[in-house]
Amino acid sequence: MESRSDFSLKALNTFNVEAVARRYVRFDEEKEIFEFLGRQSLEEERLLVLGGGSNLLFVDDFDGTVLHPVLKGIDVLDADKRHIRVRVMAGENWDELAARAVASGWGGIENLSLIPGSVGASAVQNIGAYGVEAKDVIDSVEAIDIHSREKIVLPAEACGFGYRNSLFKGRWAGRHIITAVVFKLCRQPRFVLDYPGVREQVDALGTVTLDTLRQAIIAIRQAKLPDPADLGNAGSFFKNPVVELEPMHRLQARFADMPHYPQPDGRFKLSAGWMIDRCGWKGRRIGRAGVHDRQALVLVNRGGATGREILELSERVRRSVRETFGVNLEREVKVVP
Ligand code: EPU
């Protein structure tokens with residue numbers, strides 16, 4: 001465990017913006033979390049549980065305590081002919097897990113290759129890409145309740161998973177420290193190739209295997225999405241909005257080429273990136289904050305931007321989309337005030 005005062009979080013958020021935490025505590029082992037919580041009264045304290053910092057925007061210094069679990073470990077729990085259950089500690093890097101799964105012949109998360117962030121955050125956020133979501137393979141989530149100091153193990157059905165959402169992000173936000181996630185992966189993989197462009201990319205690499213699919217996903221992402229190591233960003237800044245049939249028809253009448261994806265509940269998911277692009281934002285900069293030039297849903301730090309500058313840009317983008325399409329964009333990125 002390491003505890004620091006007035007600690008810079010710049011290297012711990014992928015937007016790479018400066019923010020100083022009044023107190024920062026890093027946990028390398030689960031028992032340190034229990035020891036720390038047993039010694040502290042945190043009722044009055046502002047708390048933030050940090051994962052890989054890849055879905056956060058700090059707009060100010062953080063006047064509270066940042067709890068940063070970096071617990072490591074990947075253990076196979078059990079396996080049968082078809083499935084394998086793997087318990088992964090929350091501080092493991094997501095893409096290292098994806099690579100390990102592919103190399104081991106464990107199917108289910110290859111489409112989620114190259115997503116930045118930690119394994120713990122994959123459950124908070126229900127990360128998703130190219131037709132797969134984390135909830136499809138999460139078996140259970142282990143967490144510590146910060147205030148009662150109890151350990152809980154929640155089966156996936158109890159986590160309230162939805163599109164980029166879970167109870168950990170919604171109703172229970174800030175209540176738990178996720179310590180591990182158990183994944184149920186497939187030993188006889190079923191490949192998900194339906195997302196536009198995926199099949200073509202795999203075909204160009206040869207036959208479909210976990211490895212070629214991972215390579216294809218990496219190539220697709222690298223062609224569109226900026227690497228946070230080169231250009232600060234947090235992936236999609238907004239969620240894709242979901243609308244009812246009637247507003248969908250009205251929009252289609254005005255914008256015939258607007259992408260829209262039918263949902264199981266009869267509604268339609270729209271493409272926020274397309275709308276932002278249509279409003280002319282792609283590649284635009286305001287000061288040191290910008291809209292990515294290959295994917296308009298991604299806001300970027302062009303170097304030295306503050307969190308506030310990026311937030312202001314996002315609000316201007318949101319206003320344009322509201323004025324042009326009458327659609328309200330909801331942030332995917334968590335803004336930390
Ligand atoms: N589009 C444009 N211009 C743009 C961006 C997109 O016209 O600047 C169009 C595309 O041509 C396509 C449609 O919008 O017709 C959808 O674009 P894309 O396939 O790039 O996916 P997305 O909806 O923008 C979502 C996820 C991504 C995920 C991809 C692939 C959300 C908020 N974002 O993006 O997730 O990688 O699908 O599954 O759901 C993330 O969550 O951080 C993230 C990157």
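Just follow the structure's listing: the first ligand is 1, and inside any ligand the first atom is 1. Sequence positions, counted from 1, serve as the residue numbers for this chain.
Proximity of E35 to Q40: side-chain heavy atoms (C-beta onward) are nowhere separated by under 4.5 Å.
The shortest N/O to N/O separation between K239 and ligand 1 does not fall below 3.5 Å. Between N240 and ligand 1, a contact under 3.5 Å exists for at least one N or O pair.
Within the 4.0 Å heavy-atom shell around ligand 1 one does not find Q125.
Here the side chain of N126 pairs no donor or acceptor atom with the backbone of A123 at under 3.5 angstrom.
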Tabulate below the donor-acceptor pairs under 3.5 Å that side-chain atoms of residues 327-337 make, not counting sequence neighbours, or state none.
unit_1 : atom_1 : unit_2 : atom_2 : d
R331   : NH1    : E315   : OE2    : 3.2
E332   : OE2    : Q125   : NE2    : 2.8

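Of all the atoms in ligand 1, the ones that sit under 4.0 Å from a non-hydrogen atom of A129 are 36 (O), 38 (O). Near F238, the atoms of ligand 1 lying under 4.0 angstrom from a non-hydrogen atom of the residue are 32 (C). Proximity to L297 (heavy-atom distance under 4.0 Å) selects the following atoms of ligand 1: 24 (O), 32 (C).
Relative ring orientation between F255 and F325 is described as tilted, the plane-to-plane angle lying within the 30° to 60° band.
Residue S271 touches ligand 1 through its side chain alone, judged by heavy-atom distances below 4.0 Å. Only the side chain of R221 comes within 4.0 Å of ligand 1, counting heavy atoms alone; its backbone N, CA, C and O stay farther away. Within the 4.0 Å heavy-atom criterion, neither part of W281 lies near ligand 1. At a 4.0 Å heavy-atom cut-off, ligand 1 touches Y195 through the side chain alone.
For S8 and E18, the side-chain atoms include at least one donor-acceptor pair closer than 3.5 Å.
Taking a distance limit of 4.0 Å, we find that atom 11 (O) of ligand 1 is approached by no protein heavy atom.
With a 6.0 Å radius and a threshold of 12 heavy atoms from other residues, nucleotides or ligands, R294 has its CZ atom above the threshold.
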